[in-house]
Every structure is written in C-alpha cells, then in structure tokens.
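Whatever order the structure lists them in is the order used to number ligands and atoms, beginning at 1.
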Amino acid sequence: MTTVSKDSSPLAPLAPAVASRTRPIRFKDLFSAERISLLVGSYDFISAQLAARHGFDGIWASSFCCSLSLGLPDINLISINDQLRFCEPMRRAGLPILIDADTGFGDAMNAAHAAQIFESHGIGGMCIEDNRFPKRSSLYTGVHRELEPVQLFCEKIEAARKAGNSSDFSVVARTEALVAGLDLDAALERAAAYYQAGASAILVHSTSSDDDNVLRFGQRWKFPVPLICVPTTYYRTSFSSLFANGYQMAIIANHMLRAAYAAYGAAMSQVRSSASLESVEPEIATIAEVSRLVLRPDTSGGLCGVNDTFRESDVHI
Ligand code: SPV
Ligand code: MG
C-alpha cells in the first residue's frame with residue numbers, strides 16, 4: 001500500500017542552507033562502547049541549548065514536542081519543512097540532531113526525498129517508524145494501531161539510505177511492534193529485517209511501564225547495529241541498566257517540554273495569586289542569564305557582543 005503524506009505545513013519552507021552550515025555531523029560517532037549516549041527531545045533553541053549545557057550527546061527533534069509547540073497533536077501533521085524550521089535554531093546549540101521523521105512522510109520515495117533534504121541541511125540522521133500513515137503518537141491511549149507491511153517499510157529504509165550522498169547520514173529504523181501489541185519475537189523479526197534493509201540503528205519503542213520486553217529485546221539482539229530506546233513510560237529503569245542490556249542510546253523524549261510547561265505554570269500561577277511580579281523574580285532566570293545564551297559581555301561589561309553560539313562557522317549541525 002502506498003501511503004500519502006499530508007503536508008499541512010504551518011511554516012514557510014526554509015531557504016537552502018549556506019555552505020558553512022552544511023557540515024554533516026556523524027551521528028554514528030555518538031555511539032560508544034563505554035557508555036550509553038543520551039539524546040534530548042528538543043523543539044527550540046533554548047531546549048537544545050540546555051541539552052548541550054547539561055552535557056547530553058545530541059538532540060532528538062521530537063515530533064511529539066514539535067507538534068505540540070505548534071499547537072498540534074502528534075498525528076503525522078508536521079512536514080519536512082516544519083522539521084527543518086525547528087532544526088534551524090536548535091542546531092545553534094552545537095549538538096548533532098536526529099530528526100524524528102514519523103512514518104517518513106509517505107512511501108519510499110518520500111522517505112528518500114526527506115533524507116536528501118535533511119542531509120543537505122547538515123542533519124545527522126532521521127528516524128522512521130513502522131506505523132502505518134497516518135500514525136498516532138505512541139503515547140496516546142485508546143488508539144487502534146496498524147503497522148506497515150515489513151517489505152514496504154524495508155523499501156523505505158533502503159531508499160532513504162541510498163538517497164544520502166554519504167554514508168555519514170544515518171537512517172534509524174524504529175519498530176512499534178511492542179506498542180501495537182505484537183510479541184517480542186515479532187518485534188525482533190521486524191528489527192532483523194530492517195537491519196538487513198540497511199538501517200543504521202534500530203529504535204525499539206515500548207509504552208509499557210514494565211521494561212521487561214525492552215530489556216529482553218536488547219539481550220536477544222545479535223546484529224551489529226546499535227539499539228536505541230525511549231524510556232518515557234518505564235522511567236524507573238536506569239540508563240546503566242539499559243546499557244547493560246544492550247542499548248547504546250536512550251532518548252529523553254519529552255521531559256524538556258514537560259519541565260518547561262510545569263515551570264511556566266508555576267511562575268504564572270505565582271504572579272496571578274500575588275498580583276505582583278515581586279515574589280516570582282527570585283524564582284526565574286535573570287534577563288542577563290538568558291541574554292547570555294545569545295550575547296557575550298563587551299569590553300565595558302555590557303552585553304552586546306554576539307555569542308559564539310551565533311558564529312556560523314562554529315555551528316555544529
Ligand atoms: C517523540 O518524541 O515524538 C517520539 C517518542 O516519537 S514518543 O512520543 O514516545 O512516541
Ligand atoms: Mg515522534
């Protein structure tokens with residue numbers, strides 16, 4: 001079945017990247033034998049900058065967070081150009097970006113087109129999931145879930161891998177088998193087929209609060225590509241336990257957005273109840289603190305120089 005992407009782009013297309021911004025990040029270099037790598041779900045410059053400042057390894061351009069920040073549900077509404085618009089400020093944080101490309105924007109040709117565009121904008125990789133278009137967020141409950149036939153999804157992976165000009169662009173294949181209620185064997189079977197189709201890494205998703213299937217998947221995985229997981233619902237599992245059970249990367253998918261939402265709410269509630277800005281002032285970042293993200297002190301101690309994060313030649317994208 002050929003799937004059709006709904007390109008309801010609420011944002012204007014990006015101009016092509018300038019040469020200095022197209023240096024690709026080798027996403028695959030994030031995987032290490034010594035420790036688990038951590039990506040943070042981000043959706044704007046500040047969330048990406050905080051991920052960099054706190055020592056995380058990369059950015060997950062989360063469809064859940066990017067959709068929500070546009071006031072949209074995570075149901076395959078955001079387009080290739082939307083994702084590029086989100087990545088534009090995020091890449092100023094200097095971390096490699098893995099774009100959450102949902103179902104790949106359509107069929108194999110759409111996925112290949114997306115891979116070409118993302119790579120030409122210096123993005124490190126994209127992740128496509130085996131949900132059938134139009135997907136519904138894995139975190140939404142009460143949803144009937146159908147997966148792509150394995151062969152069709154393999155064609156998407158293969159096409160996206162071949163579309164890139166260099167082997168440095170990663171195509172992560174994500175299986176939603178466990179989310180859709182299939183068993184561990186079915187999930188492993190799908191992932192093995194995606195490996196054979198050329199996936200650079202496998203993302204195994206689960207929305208169970210129990211990590212059992214995810215850990216057993218990691219123990220049984222025998223192929224030489226890294227495993228990634230998203231421990232949103234089995235949040236009690238430590239990163240070291242994920243690593244010990246075969247995962248080289250974990251995605252902290254939506255915590256930045258949820259933390260921001262809680263902090264915004266707490267501050268505004270305090271302003272509303274105290275009917276003044278006084279009590280909230282010590283609770284929030286200073287103007288200088290946030291301005292320093294984009295400016296640096298000039299010689300007289302003011303803040304007017306442009307911060308290094310804005311030097312295009314230094315930008316890691
Ligand atoms: C996202 O962050 O958009 C993801 C992870 O795809 S999840 O929301 O858990 O599906
Ligand atoms: Mg997503």
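Of the inter-residue distances, the one linking L178 atom CG with N213 atom CG reads 5.0 Å to the nearest 0.5 angstrom.
Relative ring orientation between W221 and F217 is described as parallel, the plane-to-plane angle staying below 30° on a 0-90° scale split at 30° and 60°.
Every atom of ligand 1 is numbered from 1 in the order shown, and the set under 4.0 Å from a heavy atom of A253 is 2 (O). Using a 4.0 Å cut-off to heavy atoms of S138, the atoms of ligand 1 that qualify are 10 (O). Close approach of ligand 1 to F64 (heavy-atom distance below 4.0 Å) involves ligand atoms 1 (C), 2 (O), 3 (O), 8 (O).
In E176, neither the side chain nor the backbone holds a heavy atom less than 4.0 Å from any atom of ligand 1.
At least one heavy atom of L139 sits less than 4.0 Å from an atom of ligand 1.
A donor-acceptor distance shorter than 3.5 angstrom exists from the side chain of S208 to the backbone of D210, with no hydrogens or angles considered. Of the possible donor and acceptor atoms, one in the side chain of H121 sits under 3.5 Å from a partner among the backbone N and O of I117.
Residue S137 has no nitrogen or oxygen atom sitting less than 3.5 Å from a nitrogen or oxygen atom of ligand 1, judged on distance alone. Where the criterion is an N or O separation shorter than 3.5 Å, residue side chain and backbone included, E129 fails it with respect to ligand 1. Taking distance alone, with nitrogen or oxygen atoms compared against 3.5 Å, V230 stays at or beyond that limit from ligand 1. At under 3.5 Å, a nitrogen or oxygen of R174, whether backbone or side chain, sits near a nitrogen or oxygen of ligand 1. Geometrically, ligand 1 and H205 share a nitrogen or oxygen pair separated by less than 3.5 Å.
With respect to R292 and E289, no salt bridge is recorded, no charged nitrogen being found less than 4.0 Å from a carboxylate O.
With no hydrogens or angles considered, a side-chain donor-acceptor pair links S138 and E176 at under 3.5 Å. The closest side-chain donor-acceptor pair between D102 and S63 falls under 3.5 angstrom. Checked by atom type, the side-chain pair D212/Y234 shows no donor-acceptor distance below 3.5 Å.
For atom 2 (O) of ligand 1, the closest heavy atom belonging to the protein is S62 OG, 2.7 Å.
Counting only heavy atoms from C-beta outward, the side chains of I78 and Q83 approach each other to under 4.5 Å.
The residue from C127, S42, C65 that alone fulfils the side chain to side chain contact (heavy atoms under 4.5 Å, CB included) condition with W60 is C127.
Aromatic pair F153/Y194: ring centres closer than 6.0 Å.
Under 2.8 Å from the Mg ion (ligand 2), one finds the following protein N/O/S atoms: S63 OG, D100 OD2.
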